[in-house]
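Working notes for the structure below.
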Amino acid sequence: MTNADVVARLYEMAAYLDMTSVPFKPRAYEKAAQLIAALDRPLAEVVAEGGAKALAAMPGVGKGIAERIAEIIRTGTCPDLEELRAATPVDVMALTAIDGIGPKMVKALYDELGVRTVADLEQAARAGSVRGLAHFGEKTEAKILKGIAFLNQHSGRLPLGAVLDLARELEARLGELPGVERAAVAGSIRRRKELIGDLDFLVIARRPETVMDFFVSLPEVTHVYGKGTTKTMVRLNTGMDADLRVVQPESWGAALNYFTGSKHHNVALRRIAIERGYKLNEYGVFAGEQSIAGRSEEEVYEALGLAYVPPELREDSGEIELAKARRLPSLIEPGTLRGDLQIQTTWSDGANSIEEMVAAARARGLTYIAITDHTHGLAMMGTDDAKLAQQIELIRRLNRTLRDFRVLAGAEVNITKDGTLDTSDEILAGLDVVGIAVHSHFDLPRDEQTARVIRAMENRHADILFHPTGRKPGRREAIAVDIDAIIAAAKRTGTILEIDAYPDRMDLKDEHVRKVVDAGVPLVIDSDAHSVAHMRFPDDFGISIARRGWATANDVINTLPVEEFLARLKDKNSPRRRGGAEN
DNA sequence: GCCGTTTTCGGCCCGACTGTTTTCAGTCG
């Protein structure tokens, strides 16, 4: 039982409890699930050391949930969950994953129509029987079908954020095997694509059989499609397929290149090889029978007369031509960010205090962060004007105690339906950094949606447009906005566009970033952290998106020291910017 | 079900929006 398994069951409990309309309990389970998801220690280890008592010592986990977690780790489930499952035997997690479907609707659909699965629901909606239910109508039925279609489109692929850790861990485990000289993850993970279809691993090993035996016996493996001495294919318990290739040292670079792709990039490379009278395959670059390159990727590109192309650019979208001319951009590197401009704390829906987030930021080598809790329009937990004023005061006091670190007072301000902001200009004027964001009215027509966002960007206090398109990869489409118009408005108004690195968002996405870079509009890369564990998102995911969008460090202004960063914001001559929150 | 520098009981939960409704239930963040 991994932490992710426990988290999944806690969320399932919460969903089932929501069906029964019992107050507060669902939120308690959700909160516990959220906190455990952000934990960087295996729960099984916590239990082994301190039992259920150690679990209950964690914030958000009390006696009740601690006992259930211990039971889940032991048996995979717990009696309460089984009882709930028996009462309403439905695939509640899959059904509630459909946008607009929650636990109550799942219950009604089961009670009235016997819907247990997404397939059942699709059938019922197509037959027009959903609209007959109380509180359901034609629009809901249409929305259900739209939501299912969206999920189907993305089936079989998982977001990068859901697979990167596993890929790295398997890569490390393979690399530690005796007799393994090198191990690497290739494929779309290495290119840092946002949706991953399968995992490709590459290994140099003296005795391939040992590696293959180890690979098929991994606890994560649920099925073996095929096992040989050079290639083995398996299915993992995440539902994802994984391939392992064993190659010889002299072919490592060629194989890594071949298995990293993309297919289009590889085709283009092979065409260049043919032009030069060579042959390129996964074993090397060949002049006749003679291998002239293959040990390293650099060697392979060099043999083809090309500069080394970073994996994130290998999409045959112009990188080959620039590699030929040796004019590839010098992409932004992990570890170069100095600030993080979107961070939530316990003042709204975050799990950690301002001080804890500061400590986590410093530990990552950052020198400034902006605290940007939600404003009151987001009613669940937003800060109102009075609370925000209190927070600004607290941040000022905190800054006096900090050396070589600056906390910026900020907010994640809601954009209302008409494009105004839900917080007064007076309050906004007192903040160092104002982030603005869409959190409602996702379905406005394109013209209206675009005009609304641009109007908000025109606010002279609005510094950064957070998660500009509202997308949730694999779950929800972006809001309908004219991205070119947004970029033009950013340029005109001096509004910075954000790459929200939170793996559920990854917004802006790579191709949008490339447009922003081309337009010369500044970007920031933020974590959107809701806990200290999320502080790694910019380096793990945000930088990848920026690199896939051809961004250099110059395009991303939170690579700048804090004063230079602040100078790039709007109304930089206002008193708060000169004096800052330190005074 | 969790929490506690006022509390071991009584707060927590909340507003906007949508789609279904003549007054509100469900979803979302």
Side-chain angles (χ1 to χ4, degrees), chain A residues 10-11 13-36 52 55-69 78 80-81 84 92 95-109 111 130-144 146-147 342 344 346-351 372-384 387 411-418 420-423 435 437-444 449 452 466-467 470-472 475-476 479 500 502 504-505 507 528 530:
Chain A
L10 292 177
Y11 275 126
M13 278 292 288
Y16 272 125
L17 289 167
D18 262 327
M19 286 182 196
T20 65
S21 292
V22 48
F24 309 118
K25 287 192 192 183
R27 301 294 80 75
Y29 278 94
E30 271 173 16
K31 190 159 189 200
Q34 196 191 338
L35 289 158
I36 288 164
L55 292 171
M58 304 192 319
V61 179
K63 197 161 169 269
I65 290 183
E67 277 167 13
R68 288 176 180 89
I69 290 174
C78 67
D80 288 330
L81 179 57
L84 290 161
V92 63
L95 287 163
T96 53
I98 301 167
D99 193 37
I101 301 290
K104 298 281 170 62
M105 288 167 89
V106 170
K107 174 117 173 73
L109 288 161
D111 288 345
V130 169
R131 68 182 71 177
L133 269 55
H135 303 295
F136 288 72
E138 279 181 47
K139 284 191 178 177
T140 305
E141 198 172 79
K143 189 174 181 180
I144 287 171
K146 202 175 143 194
Q342 196 195 160
Q344 273 68 232
T346 46
W347 285 68
S348 64
D349 59 344
T372 55
D373 283 299
H374 292 283
T375 52
H376 54 86
L378 205 64
M380 168 191 176
M381 37 33 191
T383 53
D384 59 19
K387 248 179 111 178
E412 178 172 3
V413 181
N414 291 299
I415 300 174
T416 65
K417 187 180 179 186
D418 68 3
T420 54
L421 301 182
D422 77 343
T423 302
V438 169
H439 287 120
S440 63
H441 296 100
F442 300 119
D443 293 331
L444 293 180
Q449 191 70 272
R452 168 202 189 198
F466 283 168
H467 45 75
R471 63 196 298 265
K472 297 234 166 158
R475 184 173 164 95
R476 185 172 78 195
I479 54 173
D500 186 318
Y502 202 87
D504 283 350
R505 289 198 181 270
D507 180 13
D528 198 352
H530 285 65

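Order of the sequence lines sets the chain letters (A, B, ...), proteins ahead of strands, with each chain counted from 1. Owing to the predicted nature of the structure, the values given are computational and were not obtained by experimental measurement.
Computed from coordinates, the A:Glu138 CD to B:dT18 P distance equals 19 Å when rounded to whole Å. B:dG29 atom P lies 12 Å from atom CG of A:Asp528, rounded to whole Å. Spacing between atom CG of A:Asp18 and atom P of B:dT27 amounts to 8 Å, rounded to whole angstrom units. Rounded to whole Å, atom C1' of B:dG19 lies 12 Å from atom CD1 of A:Ile101. Distance CG (A:Asp422) to P (B:dC14): 17 Å, rounded to an integer number of Å. Atom-to-atom, CE of A:Met58 to C1' of B:dC3 comes out at 15 Å; the value is rounded to the nearest Å. In this structure, the CE atom of A:Met19 is 19 Å from the P atom of B:dA25, given to the nearest Å. Put simply, CE on A:Met13 is 7 Å from P on B:dG1, counting in whole angstrom units.
Using atom C1' as the reference point in both B:dT5 and B:dG1, the two lie 23 Å apart (nearest Å). To the nearest whole angstrom, the two C1' atoms, one in B:dT8 and one in B:dC3, are 10 Å apart. Rounded to the nearest Å, the gap between the C1' atom of B:dT22 and that of B:dC28 is 25 Å. If you take atom P in B:dT20 and the same atom in B:dG26, they sit 14 Å apart, rounded to whole Å. If you take atom P in B:dA16 and the same atom in B:dG11, they sit 24 Å apart, rounded to whole Å. Rounded to whole Å, the separation between the C1' atoms of B:dC14 and B:dC9 comes to 23 Å. The P atoms of B:dC13 and B:dC2 are separated by 16 Å, rounded to the nearest whole Å. Atom P of B:dT23 sits at a distance of 23 Å from the matching atom of B:dC17, rounded to the whole Å.
Checked by atom type and distance alone, the side chain of A:Arg452 pairs as donor or acceptor with a backbone atom of A:His441 at under 3.5 Å. A donor-acceptor pair under 3.5 Å is formed between the side chain of A:Thr96 and the backbone N or O of A:Val92.
For the residue pair A:His467 and A:Gln342, no side-chain donor N or O sits within less than 3.5 Å of a side-chain acceptor on the partner.
Closest-nucleotide positions on DNA chain B for A:Pro23 and A:Tyr29 were compared, and the one nearer the 5' end corresponds to A:Tyr29. Along DNA chain B, the nucleotide closest to A:Ala28 and the one closest to A:Lys417 are compared, and the more 5′ of them pairs with A:Ala28.
Close to B:dT20, at under 4.0 Å from its OP1 or OP2, lies a side-chain N or O of A:Thr140. One finds a side-chain N or O of A:His441 lying less than 4.0 angstrom from the OP1 or OP2 phosphate oxygen of B:dC17. Between A:Arg27 and B:dC14 there is no side-chain polar atom (N or O) within less than 4.0 angstrom of OP1 or OP2.
Residue A:Lys104 is in sugar-phosphate contact alone, with no base atom involved, counting any heavy-atom pair closer than 4.0 Å across all strands shown. Nucleic acid contact class of A:Pro26 (heavy atoms, under 4.0 Å, all strands): none. At a threshold of 4.0 angstrom between heavy atoms, the contacts of A:Gln344 with the nucleic acid are absent. Within the nucleic acid shown, A:Asp443 has no heavy atom closer than 4.0 Å to any nucleic acid atom. Backbone-only contact: A:Val61 has heavy atoms under 4.0 Å from sugar-phosphate atoms and none from a base. Within 4.0 Å of A:Arg131, counting heavy atoms only, lies no atom of the nucleic acid at all. Residue contacts shown for A:Lys143 are absent, as no nucleic acid heavy atom lies under 4.0 Å away.
By the stacking rule of 5.5 Å between ring centres and under 30° between planes, A:Phe24 does not stack on the base of B:dC2.
Residues A:Leu109 and A:Phe136 meet the side-chain proximity criterion, which asks for heavy atoms closer than 4.5 Å.
In terms of heavy atoms, A:Leu421 sits closest to A:Thr416 at C-CG2, 4.3 Å. Listed here is the closest heavy atom pair of A:Ala14 and A:Tyr29: CB-CB, 3.9 Å.
Closest to the side chain of A:Asp99, out of B:dA25, B:dC17, B:dC28, is B:dC28. Picking from B:dG1, B:dC17, B:dG29 the nucleotide with the shortest atom distance to the side chain of A:His439 gives B:dG29. Among the nucleotides B:dG26, B:dG1, B:dG29, the one closest to the side chain of A:Arg505 is B:dG29.
Base-pair partner of B:dA16: B:dT27 (Watson-Crick or G-U wobble, both distances under 3.5 Å).
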Problem set entry | salt bridge (charged side-chain N to carboxylate O under 4.0 Å, His left out) between A:Asp18 and A:Arg27, intermediate numbers included | CA-CA 9 Å; A:Asp18 262 327; A:Arg27 301 294 80 75; 2.8 Å; yes
